[in-house]
Q: 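Encoded as structure tokens, here's the structure I'll be asking about.
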There are 2 protein chains.
Amino acid sequence: MNALTRRQQQVLEFIQTRQQREGLTPTLREIADHFGFRSLTAAADHVRALQKKGVLENQPSRARSLRVVSPWQGLRRPVADIPIFGSIPAGIPESRVQDAKGCLSIDVASLGIKPTPRTFALEVRGDSMIGRHILDGDLVILEHGVAPRNGDVVAALIDNESTLKTLVLERGRVWLRSENPRYPQLIPASELVVQGVMMALVRRRKG
Amino acid sequence: MNALTRRQQQVLEFIQTRQQREGLTPTLREIADHFGFRSLTAAADHVRALQKKGVLENQPSRARSLRVVSPWQGLRRPVADIPIFGSIPAGIPESRVQDAKGCLSIDVASLGIKPTPRTFALEVRGDSMIGRHILDGDLVILEHGVAPRNGDVVAALIDNESTLKTLVLERGRVWLRSENPRYPQLIPASELVVQGVMMALVRRRKG
DNA sequence: GCTGATACTGTATATTTGTACAGTATCAAA
DNA sequence: TTTGATACTGTACAAATATACAGTATCAGC
């Protein structure tokens, strides 16, 4: 009953791809064109069949209202796009698109914060923050321009590279600390630029 | 030049909300209706202004082709929806929508895996896996039905609760190990159900 | 051999939708 | 004071679009 035919899978995949790539689902005409149907009804039939099988939804009489149904779609929250930078030379004056290495898209609720235009992500290199359970390869989401508190993990510009450190207030002075015994421990933060404060983290699969 | 007026912000927000909630951007008529405009042109004017300011895009003569522009949109990859379960009593026979506590939406590339219908997420309770740098409150993404390898982090059903453990092959037998010295170390896995293998992790902001 | 589901062609039509044109009024900047 | 941007009303129309109806052909299951 729920099994899709090969043709239906092709049609569904086409709709889904267009939805992801262009943000718009195709019209019946566009479906027909893509598959070389000379009749709209062919496309309409497939859409009807996919609806019947519960994998496609439709708002009657509305243009481009096809939607591929994910069982969890109803629970979906707004998704934010956060740029991933390799390293940030300056203090993020105006982070430009061409500087981004990629884009992390994640829903706001799971992130725990509301991203702003000053939110960005860095890929962690090395295990200098292993004491804070941040590993090599982790994607760290940071917020630029907020005041860091004592103990916050921050990104700082050291030797023209963005590096993660723990910010420490001690005896009225500000220090940056690595969280790995094998690394130099304390650096005076006076001359360093704090580029962002860590807000969240994404760890991809390893190996 | 780029600053939006209050009215323009309202219009943009309306379009964005509809896009997120219904998956469709509104038509000019729907915008006009929502704001009580008696004329389509009022809506059209706002859309034109927002386009001019670069925060909205449009494919001419296409129905519902409005799209709110994020600077990073071009980099966006397909986003997957992964159900979040509180705990999973049985071996996930058919995880039903009503059992889901929420939904984690994240792009496939950042996740490092291609989610399947057997992908799900658990919220970590306690710090029994701190040795693997998994903290209380972390969101762990797991895959059901794949064969775990030695050293993989897995979710197992213990006392009717899903608990994370490290799977250890030793002397031809399978054990589950907690990664915290204060917890009981080894449990024979023979009678336990492995519900999933950890693939990725999301850490939200703390405090 | 019959039946229902699938996979189409071809035509027609009502509705939805974007767009254009002609105005009015307000407000801030030059 | 003038100019341009903003914020609308009101009307009209062509294009885009969903949908309906009448068929044909194939194939699997009964």
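To find a chain, count down the sequence lines: A is the first, B the second, and so on, and within it residues start at 1.
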Q: May I ask you to verify if any side-chain N or O of B/R62 is less than 4.0 angstrom from the OP1 or OP2 atom of C/dT17?
A: no
Q: For A/Q8 and B/A63, find the nucleotide of DNA chain C closest to each by heavy atoms; which residue's nucleotide sits nearer the 5' end?
A: A/Q8
Q: Using a 4.0 Å heavy-atom cut-off across all strands, classify B/T41 as base, sugar-phosphate, or nothing.
A: base
Q: Compute the ring centroids of B/H46 and B/F37, then answer whether they are less than 6.0 Å apart.
A: yes
Q: Please state how far atom CG in B/L66 lies from atom P in C/dG18, giving the value in whole angstrom units.
A: 7 Å
Q: Considering every strand and a 4.0 Å limit on heavy-atom distances, what is the contact class for B/R7: base, sugar-phosphate, or nothing?
A: sugar-phosphate
Q: Hey, does the side chain of A/K52 come within less than 4.0 Å of C/dT6's phosphate (OP1/OP2), counting only N and O?
A: no
Q: Rounded to whole angstrom units, what separation is found between the CG atom of A/D45 and the C1' atom of D/dG23?
A: 12 Å
Q: Rounded to the nearest Å, what distance is computed from the CG atom of residue A/D33 to the C1' atom of nucleotide D/dT17?
A: 13 Å
Q: Taking the nucleotide of DNA chain D with the nearest heavy atom to each, does B/G36 or A/P60 sit closer to the 5' end?
A: B/G36
Q: Is the distance from OP1 or OP2 of C/dA5 to the nearest side-chain N or O of A/T5 less than 4.0 Å?
A: no
Q: Which heavy atom of B/L111 sits nearest to which heavy atom of B/P115, and what is that distance?
A: CD2-CG, 4.1 Å
Q: Between B/A42 and B/S61, just flag the one whose closest nucleotide in DNA chain D comes earlier from the 5' side.
A: B/A42
Q: In whole angstrom, give the distance that lies between atom CZ of A/R29 and atom P of C/dT17.
A: 14 Å
Q: Under 3.5 Å, which donor-acceptor pairs do the side chains of residues 7-14 of chain B form with other protein atoms, sequence neighbours left out?
A:
| from | atom 1 | to | atom 2 | distance (Å) |
| --- | --- | --- | --- | --- |
| B/R7 | NH1 | B/Q10 | OE1 | 2.7 |
| B/Q8 | OE1 | B/T5 | N | 3.1 |
| B/Q8 | OE1 | B/T5 | OG1 | 3.4 |
| B/Q8 | OE1 | B/K53 | NZ | 2.9 |

Q: Measuring from B/D127:CG to B/S178:OG, what's the distance to the nearest 0.5 Å?
A: 10.5 Å
Q: Roughly, in whole Å, what's the span from CG in A/L56 to C1' in D/dA18?
A: 14 Å
Q: Output the distance between atom CD1 (B/I141) and atom CZ (A/R204), rounded to the nearest 0.5 Å.
A: 12.5 Å
Q: Can you tell me how far C1' of C/dC21 sits from CG of B/L40, to the nearest Å?
A: 13 Å
Q: Ignoring hydrogens and geometry beyond distance, is the side chain of B/S39 in donor-acceptor contact with the base of D/dG10 at under 3.5 Å?
A: yes
Q: How close or far is atom C1' of C/dT9 from atom CG of A/L28, stated in whole angstroms?
A: 15 Å
Q: B/R64 CZ to D/dA18 P: how many Å, rounded?
A: 10 Å
Q: Are OP1 or OP2 of C/dA7 and a side-chain N or O of A/H46 less than 4.0 angstrom apart?
A: yes
